[in-house]
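Quick note: numbers below take in every heavy atom, side chains included, and nothing from hydrogens, waters or symmetry partners. Convention: sequence-line order gives letters A, B, ...; per-chain numbering from 1.
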Amino acid sequence: MHAAHYRSSFLQRCVTAVAAMIMALHSAQAKPLRVASINLCTDQYVLEFVAHADIVSLSHLSNDADYSALWQRAENIPRNHGMAEELLPLKPDLVLATAYTPGSAVQLLKQQGVRVEEIDLPNTIDEMIIFTEKIGALLGKPEQGKQLSATLRARLDKLKAMQHIQRGIALVYAPNGYTGGKNTLKDEILTTAGWRNLASELGMDGYGNLPLEALLSQPPDLLIVDDSTRNTNSLAQQLLNHPALRNLPNHQTIKLPTHLWLCATPQLIDAIEQLASLPEKTDKSP
Amino acid sequence: MTDQSTQQNKYLWLLLLVVAVLFVIALTAGPTALSLGNALDDMFSGSNGLDATILRDIRLPRALLALMVGATLGVCGAAMQGLLRNPLACPSVIGISNGAALGAVVALYFGWSGLFFLAVPFTAIVSAGIATLLIFLLAGRDASVTTLILAGVAINALGGALIALALNFAPNPYAMSELVYWLLGSLANRSIDDVYLALPFMLVGWIFLLRSSDYLNALSLGEDTAHSLGFSPHRERTQLILGVALCVGAAVAVSGSIGFVGLVVPHLLRPLANNEPGKLLSFAAVGGAALVLLADCAVQWLSPWQELKLGVITSLVGGPFFLYLILSTRNSLQ
């Protein structure tokens, strides 16, 4: 009788153990990931895919209307400055960081057993679309990621079909004359929308400051400026009000929010669509 | 007119010619190729062509400011050296330039020009005045050369630290990165508005300083002698301090803190002025204009696309010169 009792309780214990494991697995799948991000660009993807209640902390720029594309969704979410001691008490399940974020925070967090994913941010529009799907899966929303990626791909294809229309020469001119030349995201956005990039044509590679004289010597048909109107008390921003710019011949100016293309995020397709919908340059008499 | 003063006048005219030539050369300096002849034609015929715009709106203000700021720094250096009877005095070394920059920074980045459009030069002038007064308190009368330099070091350090502090707490995202501009100085991207803003204050400052030339001559014979010749030291000193504050404040408000011009120029030109501190003022003004015009051309030739700050060139010239001065006058510094 003793042996039988033991055998049945062993069986009972096995069943209980297996049942417990099944329940644990099931609840782990059902329990959503609590995510934190310490970089502005990864913030955007977290805001895109993760439910508000499951976002533990975002970078301190996440609710800045100028720099964060999804700033409105970031209300009431705790902000961090990339320091490990801000994140550890919040006990996130996953922390997103990039190569540009403070390295020591990543080390400290890993030492404390927190799961940190160091993300390689996309640099081109194609990379961004592929990345959207991958990060959706990472954040526990694979279906949503696939869907968004497909939508973006469709919009991009539509834009590329119209790319051959030569709209004219454009230039992005930010405070201090900051702009992007060849091999930059800004350049790709302009060319996909059918505009030539003045900075690339003047030989600029990467990001840099374009002297005012260079802009005047080959005036663009389209000048794209930052639309931030808050606090313009700086020399960098005063440059955009320089008297020399008032005499630029025959051109359009549009204001595009910086947050549309500061990071490679789905919102940059909005920027391309806006640029592609502008009228082509008017034919100027020589 | 004595032979001596005729000779001096000849030198002054020669210097003025040099400045005129440098001014024209400065108009040709820039990152884009410009035909000066065509641009001048366009400008005077009133057309709004691109060459004319570049010349009128970008290069002309820049060259004018180089001239004005250079003249200011030169004449103030000569005036301070005469007043303090100290060969190492100049607005940047004794901290007046940094003091002025502090005022300009606070007024600009905290938006005071919204309340009062002359806020930036005005605040710069006030803080330049405070720095000058501090120098006088610390090292005014009968102070050794060493005391003056130490006072200058202290005020420079304090000014620089307060500038960095103000920029750190400024609400604007670009503020901190403009620290280098304020501490080294630059004439890039200036416009004719900056010329209009600074010129009235500078003119009044120059007048005050040039009116003191006789006093400075008398002062070189000793304070008591100057007093016995009928000069009121209090009044003359006040006029000089006001003059320096006005023109250095205005200059720094539009160009940042450019170093060493007021140190180098008076020393180089003192022989031409026969060591007369009063006469030296006009020489130093013209010489300062020439030096800054040349330095600004150098900045544009060396690095037309990536901006090099003007203060780098003046420090490369002035720093070694300062060392040379210290070494060569070592005995008289004890």
Side-chain angles (χ1 to χ4, degrees), chain A residues 40 60-61 64-68 169 173-179 181 198-199 201-221 226 228-251 258-259 262 284 286, chain B residues 29-34 39 47-62 104-114 119-120 167 170-182 186 188-196 253-256 300 303-307:
Chain A
L40 175 65
H60 63 282
L61 292 170
D64 189 323
D66 288 332
Y67 301 130
S68 175
I169 305 185
Y173 212 56
N176 252 345
Y178 193 64
T179 186
L198 179 60
E201 305 215 335
L202 288 174
M204 189 183 283
D205 200 340
Y207 293 101
N209 298 325
L210 194 72
L212 206 50
E213 276 192 30
L215 202 175
L216 286 174
S217 65
Q218 262 193 269
D221 304 304
D226 191 3
S228 162
T229 49
R230 70 156 189 200
N231 192 339
T232 53
N233 298 322
S234 75
L235 300 168
Q237 285 151 322
Q238 277 176 8
L239 178 61
L240 299 180
N241 293 323
H242 197 283
L245 285 174
R246 293 182 210 145
N247 288 329
L248 269 187
N250 254 0
H251 69 291
T258 309
H259 64 228
L262 192 55
K284 302 184 285 243
Chain B
T32 56
L34 192 72
S47 96
N48 263 339
L50 293 164
D51 278 358
T53 307
I54 292 180
L55 184 63
R56 184 192 54 231
D57 291 338
I58 300 181
R59 293 193 185 180
L60 186 62
R62 183 169 182 154
V105 159
V106 170
L108 174 62
Y109 293 94
F110 293 93
W112 292 4
S113 26
V120 175
L167 288 172
N172 189 286
Y174 297 99
M176 204 58 205
S177 60
E178 292 176 359
L179 175 64
V180 174
Y181 164 87
W182 288 104
S186 163
N189 299 327
R190 303 283 89 197
S191 73
I192 199 75
D193 298 330
D194 296 307
V195 176
Y196 293 149
V254 295
S255 68
Q300 296 192 76
S303 180
W305 286 73
Q306 250 334 71
E307 200 214 320

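With a 4.5 Å cut-off on side-chain heavy atoms, A:His242 and B:Ile58 count as touching. Here the side chains of B:Asn172 and A:Gln237 are in contact, with some heavy-atom distance below 4.5 Å.
In this structure, CG on B:Leu55 lies 9.5 Å from CD on A:Glu213, to the nearest 0.5 angstrom. To the nearest 0.5 Å, atoms CG (A:Asn233) and OG (B:Ser113) are separated by 6.0 Å. Rounded to the nearest 0.5 angstrom, A:Arg246 CZ and B:Thr53 OG1 are separated by 12.0 Å. Taking CG from B:Asn189 and CG from A:Asn176, the interatomic distance works out to 7.5 Å, rounded to the nearest 0.5 Å.
In terms of heavy-atom pairs under 4.5 angstrom with chain B, the leader among A:Gly208, A:Gly177, A:Ala214, A:Pro175 is A:Pro175.
Contact annotation for B:Pro304: only backbone heavy atoms (N, CA, C, O) come within less than 4.5 Å of a heavy atom of chain A. Looking at B:Asp193, only its side chain comes within 4.5 Å of chain A, counting heavy atoms on both sides.
For B:Arg190, the side chain to side chain donor-acceptor pair (under 3.5 Å) test picks out no residue, with sequence neighbours left out.
The nearest pair of heavy atoms linking A:Ser217 to B:Ile54 is N-CD1, 4.4 Å.
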Which donor-acceptor pairs under 3.5 Å do side chains of residues 104-112 of chain B form with protein atoms, sequence neighbours excluded?
{"residue": "B:Tyr109", "atom": "OH", "partner": "B:Glu178", "partner atom": "OE1", "Å": "2.3"}
{"residue": "B:Tyr109", "atom": "OH", "partner": "B:Trp182", "partner atom": "NE1", "Å": "3.1"}

